[in-house]
Structure formats: C-alpha cells, structure tokens
Amino acid sequence: MRIATWNVNSVSARLPRLLAWLRAAEPDVLCLQEIKCDGEAFPSAEVGELGYEVAAYGAGRWNGVAVLSRVGLADVRQGLLDEPGFQDDGALVAATQPRALGATCAGVRVWSVYVPNGREIDHPHYAYKLRWLAALSETVTEELPGSGPLAVLGDFNIAPTDADVWDIAAYADSTHVTAAERAALDELAKTGLDEVYPRALKYDVPFTYWDYRQLAFPKNRGMRIDLVYGDPQFTSAVADSYVDREERKGKGGSDHAPVVVDLELAG
DNA sequence: ATGCCCTCCGCTGGAGGA
C-alpha cells in the first residue's frame with residue numbers, strides 16, 4: 001500500500017498537477033493539506049474518475065485538509081479531541097479551523113494534519129500552535145488502543161532538528177525550529193509513534209518545502225516540515241519512503257513536495 | 001536547466017504562508 005501526504009497550496013490551483021501526480025505516483029491513500037476551499041467544493045468528481053473516494057474538510061480560502069483513497073474510506077472524523085480555535089487579540093471565541101481529518105483506509109488509520117504556522121514567537125498564533133499540537137497528541141492517545149496501523153501525516157510546520165533547515169542561522173528567533181515546538185513533536189512521539197524518515201532523491205536532507213522566492217528550490221534552501229508519524233504496526237510495515245522533489249519543479253507547482261510511504265502489510 | 005512568490009478574495013491592495 002502506498003500512502004502519501006502533500007500540502008498542495010490550493011487544490012483548485014493545483015488540480016492539473018494533482019491529477020497528473022495521482023496518475024504517475026498511484027498512491028492508494030493521499031493526505032492533502034491547504035486545500036483552501038469548502039469541503040463541498042473539493043473536485044471530488046475529477047479525482048473520482050481516477051478511482052478515489054474523498055473526505056474533505058475545508059472552509060473557504062484558508063487551511064483545509066482532505067484524504068483521498070482508492071482502497072476504501074471509513075470512520076471519517078473531522079477535527080481533534082478538545083481542539084482549540086485560534087483566539088486572536090480581542091477575539092473572545094474563534095471557530096475551530098479545518099486542520100485535522102481522520103479516516104480509515106483498508107484498515108490503516110490515517111490523520112491528515114495541517115499544524116498552525118505560528119507566525120511569530122510572540123504572536124497569539126504561536127501559542128495556538130502549541131495548544132493545537134497538545135490536542136493532536138490527546139487525540140492520538142485516545143485513538144491508539146486497538147486502532148490497528150495508525151499514522152499522522154501532514155504539514156507540521158516544525159523542523160524536527162537543526163539539520164532539517166537549509167541554514168539554522170537564517171531561522172534565529174523564528175518559529176518552526178524552537179525548543180517548545182520540538183518538545184511538542186516529542187510529546188506526540190511519546191504517545192507511541194515514531195517518525196518515518198524519508199529518502200532524499202537528491203542532496204542529503206529530504207526537504208519537503210522550498211519558498212517560492214529567491215530561487216530557494218534551485219539553491220536547495222529548503223525545510224523538512226512535512227512529516228509522517230506512525231505507530232509500531234505502521235512503521236514496522238514501512239518498506240520505503242521518499243520525498244518526491246520532482247513535483248516541486250516547473251511552473252504551477254506547490255511550494256511543498258509530496259512525501260511517499262510504501263507499506264508491506266501482512267495479510 | 002530546478003530559475004528569481006503564490007494563493008485567495010475581490011478589486012487596483014491585503015492577508016497569510018514559513
């Protein structure tokens with residue numbers, strides 16, 4: 001079984017490339033982030049022609065996640081247990097944003113997640129990011145017993161180590177590399193998950209994101225922030241994993257590349 | 001060539017991304 005995750009940076013803007021990538025890579029399950037449309041507006045008919053069922057959870061122009069599967073799609077769950085909303089200055093209550101979607105595909109439980117960016121360390125969005133990650137760990141803790149293979153895949157907006165950014169000095173006082181964010185990843189792992197580290201198809205570190213600006217991709221000024229965490233049943237079945245950096249090339253691409261995981265499940 | 005920001009909304013710029 002092939003499972004992949006990809007921050008597409010708008011599914012409508014990316015539709016031609018999404019369809020081409022589905023045809024070429026043939027994932028059985030694809031977790032998407034930043035679909036940037038209402039769930040009902042997801043191009044389900046187009047991906048349906050390629051054999052995929054869709055669970056989409058979106059709200060307008062920001063955020064939004066989806067799971068595509070050609071091996072069945074069941075037990076869809078929108079949002080996290082005790083998920084916080086984004087409470088900005090002056091806002092008493094903020095609606096929960098569409099950032100997490102769980103589904104079971106051929107017995108494998110997957111969560112497609114789009115972790116809040118955080119913006120700046122002193123911004124309310126950063127505190128929201130940390131609260132949101134705590135809710136993610138809580139949700140995994142709730143689901144893990146008896147779940148079968150389970151994985152959380154998506155755009156975590158955190159580089160797990162200093163080596164996971166092209167130049168750590170360029171990220172001084174920035175989000176994505178702080179001790180608190182990395183501690184949140186450690187807490188997620190402590191629920192019983194391990195990270196699946198993908199192969200880089202070029203260079204040494206398997207970056208998954210490169211800014212659109214300043215030739216970041218050709219200069220390989222990237223970040224490894226799209227991550228896969230699996231429970232032992234999942235990680236023990238991993239036969240291969242890689243970042244499909246080819247998809248980042250050319251015009252009309254997302255600024256993130258897909259991360260692919262191949263599983264060899266018993267039975 | 002991997003090539004100098006892109007998405008959306010909605011309007012002539014702004015917000016968000018990371």
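Every chain is numbered from 1, with letters handed out A, B, ... down the list of sequences.
Rounded to whole angstrom, the span from the OH atom of A:Tyr128 across to the P atom of B:dG16 amounts to 13 Å. Counting to the nearest Å, the C1' atom of B:dG17 and the CG atom of A:Asp155 are 10 Å from each other. When the C1' atom of B:dG17 is taken as reference, atom CD of A:Gln33 falls 14 Å away, rounded to whole Å. What separates CZ of A:Arg213 from C1' of B:dA18 is a distance of 8 Å, to the nearest Å. Atom CG in A:Leu215 sits roughly 13 Å away from atom P in B:dT2 (whole-Å rounding). As a whole-Å value, the separation of A:Tyr126 OH from B:dA18 C1' is 14 Å. Atom CG in A:Leu201 sits about 14 Å away from atom C1' in B:dT2, given to the nearest Å. One interatomic measurement links the two molecules: NZ of A:Lys249 to P of B:dC4, which rounds to 15 Å at whole-angstrom precision.
Mapping A:Phe217 and A:Met223 onto DNA chain B by nearest heavy atom places A:Phe217 at the nucleotide closer to the 5' end. Take the nearest nucleotide of DNA chain B for A:His256 and for A:Arg248: the residue whose nucleotide is more 5' is A:Arg248.
Rounded to whole Å, the separation between the C1' atoms of B:dT2 and B:dG13 comes to 31 Å. Using atom P as the reference point in both B:dC4 and B:dA15, the two lie 26 Å apart (nearest Å). For the C1' atoms, the distance from B:dG3 to B:dG16 is 25 Å, rounded to whole Å. B:dA1 sits 35 Å from B:dG14 when the C1' atoms are compared, rounded to a whole Å.
Here A:Asn7 lies in heavy-atom contact (under 4.0 Å) with sugar-phosphate atoms only. Among the protein residues, A:Tyr114 comes within range of the sugar-phosphate backbone only, with heavy atoms under 4.0 Å from sugar or phosphate atoms but none that close to a base. As judged by a 4.0 angstrom heavy-atom cut-off over every strand, A:Glu34 is placed among residues touching the sugar-phosphate backbone only. At the heavy-atom level, A:Asn117 lies under 4.0 Å from base atoms of the strands shown.
A:Val113 places none of its side-chain heavy atoms less than 4.5 Å from the side chain of A:Val65. A:His123 is not listed as a side-chain neighbour of A:Thr175, based on a closest heavy-atom distance of 4.5 Å or more.
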Using salt bridge (charged side-chain N to carboxylate O under 4.0 Å, His left out), reason through A:Glu143 and A:Arg77 one step at a time and then give a plain yes or no.
CA-CA 11 Å; A:Glu143 284 209 347; A:Arg77 181 172 173 185; 3.0 Å; yes
Quick one: do A:Asp28 and A:Arg2 satisfy salt bridge (charged side-chain N to carboxylate O under 4.0 Å, His left out)? Show the steps, please.
CA-CA 5 Å; A:Asp28 296 299; A:Arg2 170 164 285 179; over 6 Å; no
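Applying the 6.0 Å contact sphere to CD of A:Glu142 captures more than 12 heavy atoms from other residues, nucleotides or ligands. Atom CZ of A:Arg199 is surrounded by more than 12 heavy atoms from other residues, nucleotides or ligands within 6.0 Å. Other residues, nucleotides and ligands contribute more than 12 heavy atoms inside 6.0 Å of the CG atom of A:Asp167.
Contacts between residues 161-174 of chain A and DNA chain B, defined by a heavy-atom separation under 4.0 Å, are absent.
Closest contact between the side chain of A:His176 and the listed nucleotides B:dG17, B:dT2, B:dA18 involves B:dA18.
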For nucleotides 6-13 of chain B, give me one character per nucleotide, 5' to 3': B if any protein heavy atom sits under 4.0 Å from the base, S if the only such contacts are to the sugar-phosphate, - if neither.
SSBS----
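Ring geometry, A:His125 versus A:Phe86: the interplanar angle exceeds 60°, so the pair is classed perpendicular (tilted spans 30 to 60°).
Going from atom CZ of A:Arg17 over to atom CH2 of A:Trp6 covers 6.5 Å, rounded to the nearest 0.5 Å.
In this structure, A:Ile3 is not a member of the same hydrophobic cluster as A:Val8, with clusters built from ILVMFWY side-chain heavy atoms closer than 4.5 Å.
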